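Below is one structure, written out as structure tokens; comments come after it.
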Amino acid sequence: AVVSTQSTGKGETKKGPPKKQQKRDEKKSQNSDSESEEGELSESDNASLTDDESEGFNDGLDENCLGDAEDRKKIMSMTEAERERVLFERMEKRESMKTRQEIQRKLKLQKKKEEAAKQEAERKKHDHDSKSFRSQRTRKLADDKGKGKAIDELRAKREAHKAKMKGGHDDSPDRVLLKTRDVYSDEEDDDEKSLSSSSSSIDSDEGERAPSPEIIRHITSKEQLSKIRLSRFKLERWVHSPFFKTVACGCYIRIGIGDKLGKKIYRVAEIFDVVDTPKVYTIGKAKTNKGLKVRHGLAENMYRLEFVSNQDFTDSEFLKWKTTMDANNL
């Protein structure tokens, strides 16, 4: 190694640390840092994911899909049908934007996890290959050494036997006959036997798994019920589709059942059938004669699609439905 020197002005030299040794230490520290971080997300990646998750969704509207005072005034000046249409379009747009944002976040997180897992798998594969190579090399050297020693012994004994033959000592008691199995070991057969026995023991330990029982979960909140709610706009869009009956049955609607003291009364109802009615009527831009058979608790009735509301269930309507269902053990 080259040693740097510095003159002190008095005829003496001052030794400094070797430059090559410093470079080696720095390289070792960098390698150790990189090896410790392989297969794991870095702190910057974790921070970026945390920031993405903490960012809230904001489309400039409140929870009722209304904006500032001017926007509220504009919405309230519309007719009920126009107001419901505008609010429904805003709600659908908001749901679409939320879904897109969530998908992008999950894709980003999945990509980082896959990259980290790939790096970890490559590192483990490299370590495994290195260990396997070293193990095979050590075993081969040991086998070669053992075989070479046995061959040398056999050669020496043959030379001794030839010397005795020449000397006329054929009947000497020191004469030894060697067999091939005494020189070469049968390690490979032992390895195959051990592998076959271990595989048979693993197969015998495996048993049949019983199927897991199906878990039935009941609706406990208005948010859960709203996820399977159909609005009048959706019914209007799908009424002539071939899958309409299949999709509608099992979903819930907010159905108007009449007026009380000048105020409309709505109930939470489950659709259990779609039938044809004798009257053709208009719903939005479509004409149809379809009717919905619905139930609220044990009560059943048939309504036209035009009586379905676009608005979400209120807390009182959900509580009324939940109380009725619990009272009838449904």
Side-chain angles (χ1 to χ4, degrees), residues 1-8 11-42 111-210:
V2 179
V3 180
S4 63
T5 60
Q6 182 180 358
S7 176
T8 60
E12 299 178 355
T13 58
K14 187 177 181 181
K15 296 183 179 180
K19 294 183 178 179
K20 290 187 177 180
Q21 184 64 30
Q22 291 179 351
K23 292 182 179 179
R24 289 198 206 99
D25 295 340
E26 292 175 358
K27 188 174 181 180
K28 288 182 180 179
S29 63
Q30 291 176 358
N31 292 336
S32 61
D33 293 339
S34 62
E35 290 177 358
S36 63
E37 294 176 356
E38 283 183 356
E40 301 178 356
L41 294 178
S42 63
K111 184 177 180 181
K112 289 184 178 294
K113 288 183 178 180
E114 290 176 354
E115 291 177 354
K118 184 178 179 181
Q119 293 177 358
E120 180 66 15
E122 290 178 353
R123 185 185 66 80
K124 289 182 178 180
K125 184 177 182 300
H126 180 267
D127 294 343
H128 176 73
D129 293 341
S130 300
K131 291 180 181 178
S132 177
F133 176 77
R134 289 195 297 269
S135 176
Q136 291 178 359
R137 182 176 177 83
T138 303
R139 190 183 301 112
K140 185 177 180 181
L141 291 174
D143 294 342
D144 293 341
K145 185 177 180 180
K147 291 179 180 179
K149 184 178 180 181
I151 291 173
D152 292 338
E153 291 178 356
L154 179 60
R155 186 180 293 111
K157 290 179 180 180
R158 283 180 179 177
E159 294 295 335
H161 173 67
K162 289 179 180 180
K164 291 178 181 179
M165 289 290 290
K166 291 179 180 180
H169 302 284
D170 295 342
D171 297 332
S172 173
D174 296 334
R175 183 180 180 183
V176 179
L177 296 177
L178 297 177
K179 297 181 180 180
T180 305
R181 65 168 176 257
D182 295 333
V183 179
Y184 300 100
S185 63
D186 197 8
E187 296 179 354
E188 295 181 355
D189 293 340
D190 295 339
D191 293 339
E192 291 180 357
K193 291 180 180 179
S194 63
L195 288 174
S196 62
S197 62
S198 62
S199 62
S200 61
S201 63
I202 293 175
D203 294 337
S204 62
D205 292 339
E206 292 183 350
E208 295 183 355
R209 296 181 180 178

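This chain uses plain numbering: 1 for the first residue, then up along the sequence. The shown structure was predicted, so the numbers you read here are calculated from the model rather than taken from an experiment.
By the side-chain hydrogen bond (donor to acceptor under 3.5 Å, both in side chains) test, Arg155 pairs with Asp152, sequence neighbours left out.
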#### Entry: Worked verdict on Lys140 versus Gln136 for side chain to side chain contact (heavy atoms under 4.5 Å, CB included)
CA-CA 6 Å; Lys140 185 177 180 181; Gln136 291 178 359; over 6 Å; no

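The line from NZ of Lys157 to NE2 of His161 is 13.0 Å long, rounded to the nearest 0.5 Å. Here CZ of Arg123 is found 4.0 Å from CD of Glu120. Values are rounded to the nearest 0.5 Å.
A salt bridge links Lys125 to Asp129: one of the charged nitrogens lies within less than 4.0 Å of a carboxylate oxygen.
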